Amino acid sequence: MKDLKELTVRGIILGALITVVFTASNVYLGLKVGLTFSSAIPAAVISMAVLRFFKGSTILENNMVQTQASAAGTLSSVIFVIPGLLMIGYWQDFPFWLTFVVCSAGGMLGVLFSIPLRHAMVVKSNLPYPEGVAAAEILKAGCNTDTNEGAESSKEGLRDILFGGLVASIVTLFSNGFRVLAGSASLWFTQGKAIFQLPLGFSLALLSAGYLVGIISGIAIILGSIIAWFVVVPILSSTGDYGTFTSLADEAMTIWAKDVRFIGAGMLAIAALWTLITLLKPVIEGVKMSLGALKDEEGKGVDRTEQDLSPKTIFAIMFAMLLILVGTFYVFVQDSGLSAGIAWTLVVCAVIFAFVMGFLIAAASGYMAGLVGSSASPISGIGIVSIIVVSLILLVIGESNGFLGTENGQHFATALALFTTTAVLAIACISNDNLQDLKTGYLVHATPWKQQAALLIGCIIGALVIAPILDVLYQAYGFTGALPRADMDPTQVLAAPQATLMSTIATGIFSHNLQWTMILIGVGLGVFFIVVDFILGKSGSVLRLPALAVGMGIYLPPTITTPIFLGGLLAWFIRHSVKNRMYKGDVKDFEETYTLVDRKATLIASGLIVGESLVGVLMAVIIVISVSSGHSAAPLSLLDNLTNMLGGSTGTVTQLAGLFVFIMICTVFVRRSLSAMKK
């Protein structure tokens with residue numbers, strides 16, 4: 001193969017710009033609903049559409065851009081933990097340097113930890129890597145220089161992303177900005193003292209996320225929601241004493257937050273732990289094989305497509321990151337007022353835990369990404385396991401040294417557990433994405449060490465923007481349990497569900513007041529679904545019930561789970577529509593046609609996610625400017641004018657309007673996706 005442009009300055013600049021966009025989108029989406037999306041495919045499409053205007057652009061250069069952008073977008077998953085430091089009142093904002101260093105150093109370690117796994121899990125493995133393979137196919141189609149099909153493919157792909165982005169932007173502006181469209185609707189009713197809910201959320205980003213995870217995960221998630229809201233909440237509301245409430249909604253949501261949610265947490269924890277156990281043997285074998293391959297390659301004239309970063313470079317960067325983490329944790333710990341001896345003990349324990357746990361989780365995360373894809377990988381469950389383990393370690397150290405005897409000591413220990421888990425999660429998130437990108441590179445014949453360098457760059461750029469974006473969103477919307485101002489609109493507060501749960505678990509462990517009963521019920525329920533899913537898998541059944549997805553259905557609010565399920569339902573409907581056309585003779589090759597349709601739908605879905613998320617971030621900037629100038633926290637709201645026009649409450653009107661728009665967009669989404677069959 002001739003010498004092709006690969007890691008270029010223009011590619012790095014373009015990758016950095018795409019990185020900022022997708023990092024902002026993922027931070028907002030993660031805080032709002034507890035989910036993030038893989039940015040590899042839309043980044044690849046945008047890169048091809050832009051670099052086509054430059055002379056000599058290549059498939060390898062476009063691959064480097066998507067590699068860099070996807071890594072940084074994935075790093076935003078640290079928001080599953082770090083907002084907890086504000087929720088417990090330890091931080092009042094996000095210190096830029098501390099946030100930047102813990103995210104970037106953790107992310108870079110994630111890159112380094114997953115390099116030894118490339119040979120075993122990518123080159124010599126039969127793992128499907130769904131997103132990595134899809135990104136490679138899109139790059140091959142869009143960078144076809146022999147015909148005009150490649151140019152038209154990338155242009156059409158960019159149009160699909162922009163279409164989804166424009167639609168979601170307009171809808172989000174009318175819902176979050178003008179507030180004339182409701183974001184959800186719920187019907188509450190009772191049977192005796194038992195409370196039931198029929199919910200529906202109208203988020204286009206969640207609908208798109210549901211399409212990306214598919215019908216199997218969607219069914220499992222909605223099953224979890226049914227268990228929570230049609231079994232557990234009714235039982236507890238009819239038998240428990242939770243006090244007096246002004247509405248059914250307040251009572252039911254209190255029951256769910258105080259008790260039911262911990263059942264979901266227990267399921268997530270046992271599902272993640274089971275995954276780690278089942279992957280232990282192949283991961284160990286893969287590490288041994290890959291380390292041997294790295295050693296054999298060093299100093300030898302191997303093909304460029306087999307050249308990883310050298311072991312010397314890997315260990316040098318790893319040692320530098322280790323020193324940086326030691327310094328970062330010491331800065332964090334020194335404000336505690338503890339003696340130097342105890343402070344350094346905590347620093348060493350925290351760094352070693354992050355390093356060792358990070359490596360184990362990196363291997364497991366990479367393997368899980370290969371099995372189910374980056375977006376569907378159970379990062380939340382891994383975070384729960386991590387926060388429990390590190391909290392128990394710090395509890396033992398704290399009680400043996402006596403600094404947990406005060407409320408301040410418990411407060412600090414909770415904060416340190418959250419900060420340590422942030423580093424672990426940064427490692428896990430990037431490892432989860434890295435092997436997916438390396439699979440893409442393997443399929444398009446990229447140079448591995450250049451991809452790994454692009455991933456390291458992506459970690460730095462992504463980490464640079466995470467703290468400022470978090471600060472803007474916090475000041476504009478606030479987080480659950482952490483409001484910067486007393487007059488904030490409760491309907492606009494970002495739930496940050498994972499961070500809320502992580503901080504609650506850590507606080508409960510150090511105060512000896514954790515809901516262990518509910519967590520253990522969740523563990524038992526998780527074991528049941530692990531067994532059921534195992535039996536279904538052995539029987540060859542198409543239906544699967546992964547414990548992780550069921551646990552998410554219990555753990556997430558119902559207005560989040562319903563649009564995810566509907567998105568999965570749309571994925572099923574689109575696939576069966578293609579099959580029906582095939583049976584009628586309109587489609588000759590099902591797999592090829594469905595690939596075209598699914599690619600179009602995926603790009604539209606990505607646009608919907610990015611559009612909703614970016615407008616949410618833009619609205620946050622407008623709100624912060626308005627509030628800092630002494631004006632309204634809802635500067636664009638037309639709700640008061642609408643109320644005056646209608647002469648009363650507008651709740652039903654805005655809910656019906658939101659439902660109508662949501663149904664319309666679902667219809668347009670399906671029709672536009674299926675239009676790919678006509679080409």
Side-chain angles (χ1 to χ4, degrees), residues 1-23 38-74 131-165 303-307 433-434 436-462 595-596 599-600 602-604 606-607 610 679:
M1 178 183 288
K2 62 181 180 180
D3 186 26
L4 295 174
K5 292 181 180 178
E6 198 163 356
L7 189 60
T8 63
V9 173
R10 69 189 183 191
I12 291 173
I13 294 172
L14 177 59
L17 295 175
I18 299 174
T19 288
V20 172
V21 171
F22 285 127
T23 300
S38 174
S39 52
I41 292 175
V45 172
I46 294 171
S47 173
M48 289 186 295
V50 173
L51 289 183
R52 189 167 292 279
F53 292 102
F54 294 86
K55 183 179 179 181
S57 65
T58 69
I59 187 173
L60 300 183
E61 187 178 16
N62 284 294
N63 177 57
M64 288 298 160
V65 174
Q66 73 84 18
T67 296
Q68 179 182 332
S70 66
T74 306
E131 290 156 352
V133 173
E137 291 302 313
I138 288 174
L139 285 169
K140 290 176 183 178
C143 295
N144 185 352
T145 56
D146 296 331
T147 67
N148 290 324
E149 293 180 6
E152 184 57 34
S153 175
S154 60
K155 289 179 183 177
E156 181 67 20
L158 184 60
R159 283 196 290 267
D160 289 331
I161 293 175
L162 292 176
F163 170 78
D303 187 82
R304 103 184 142 72
T305 60
E306 287 298 324
Q307 293 175 1
D433 174 77
N434 189 7
Q436 202 81 242
D437 287 324
L438 291 174
K439 181 66 173 183
T440 302
Y442 176 71
L443 293 174
V444 300
H445 307 294
T447 307
W449 78 261
K450 292 182 179 179
Q451 268 196 287
Q452 291 149 13
L455 285 160
L456 293 171
I457 294 170
C459 289
I460 295 172
I461 295 171
T595 297
L596 291 174
R599 180 185 302 167
K600 192 176 189 69
T602 297
L603 294 175
I604 296 171
S606 299
V610 172
K679 299 185 177 180

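Since the structure is predicted, the reported quantities are computational estimates derived from the model, not experimental observations.
Side-chain contact between I604 and I161: absent, with no pair of heavy atoms (C-beta onward) separated by less than 4.5 Å. A 4.5 Å side-chain heavy-atom check between T67 and T440 finds every atom pair outside the cut-off.
Interatomic distance, CD1 of I59 versus CG of L443, reported as 10.0 Å (0.5 Å rounding). Distance check: I457 CD1 to M64 CE gives 10.0 Å after rounding to the nearest 0.5 Å. For the atom pair OG (S57) and CZ (R10), the distance works out to 6.0 Å, reported to the nearest 0.5 Å. Note that the CG atom of D160 and the OG1 atom of T602 stand 10.0 Å from one another [nearest 0.5 Å]. Note that CD1 of I13 is 12.5 Å distant from OG1 of T19, once rounded to the nearest 0.5 Å. Atom CG of N63 is separated from atom NE2 of H445 by 11.5 Å, given to the nearest 0.5 angstrom.
A distance-only check finds a donor-acceptor pair linking the side chain of Q451 to the backbone of D437 [under 3.5 Å]. Side-chain atoms of E6 come within 3.5 Å of backbone N or O of T447 as a donor-acceptor pair.
No side-chain N or O of Q66 forms a donor-acceptor pair with one of S47 less than 3.5 Å apart.
The only option from I46, I461, V50 that meets the side-chain contact (heavy atoms from CB on, under 4.5 Å) definition with I18 turns out to be I46.
Across L438 and P448, no two heavy atoms sit closer than the pair CD2-O, 4.4 Å. Nearest heavy atoms, A16 versus Q68: N-NE2, 3.2 Å.
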Item to complete: Start with the C-alpha distance between L456 and Q452, add both sets of side-chain angles, then the distance that settles side chain to side chain contact (heavy atoms under 4.5 Å, CB included), and finish with yes or no.
Response: CA-CA 6 Å; L456 293 171; Q452 291 149 13; 5.7 Å; no
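The side chain to side chain contact (heavy atoms under 4.5 Å, CB included) test applied to V20 returns V465, not counting sequence neighbours.
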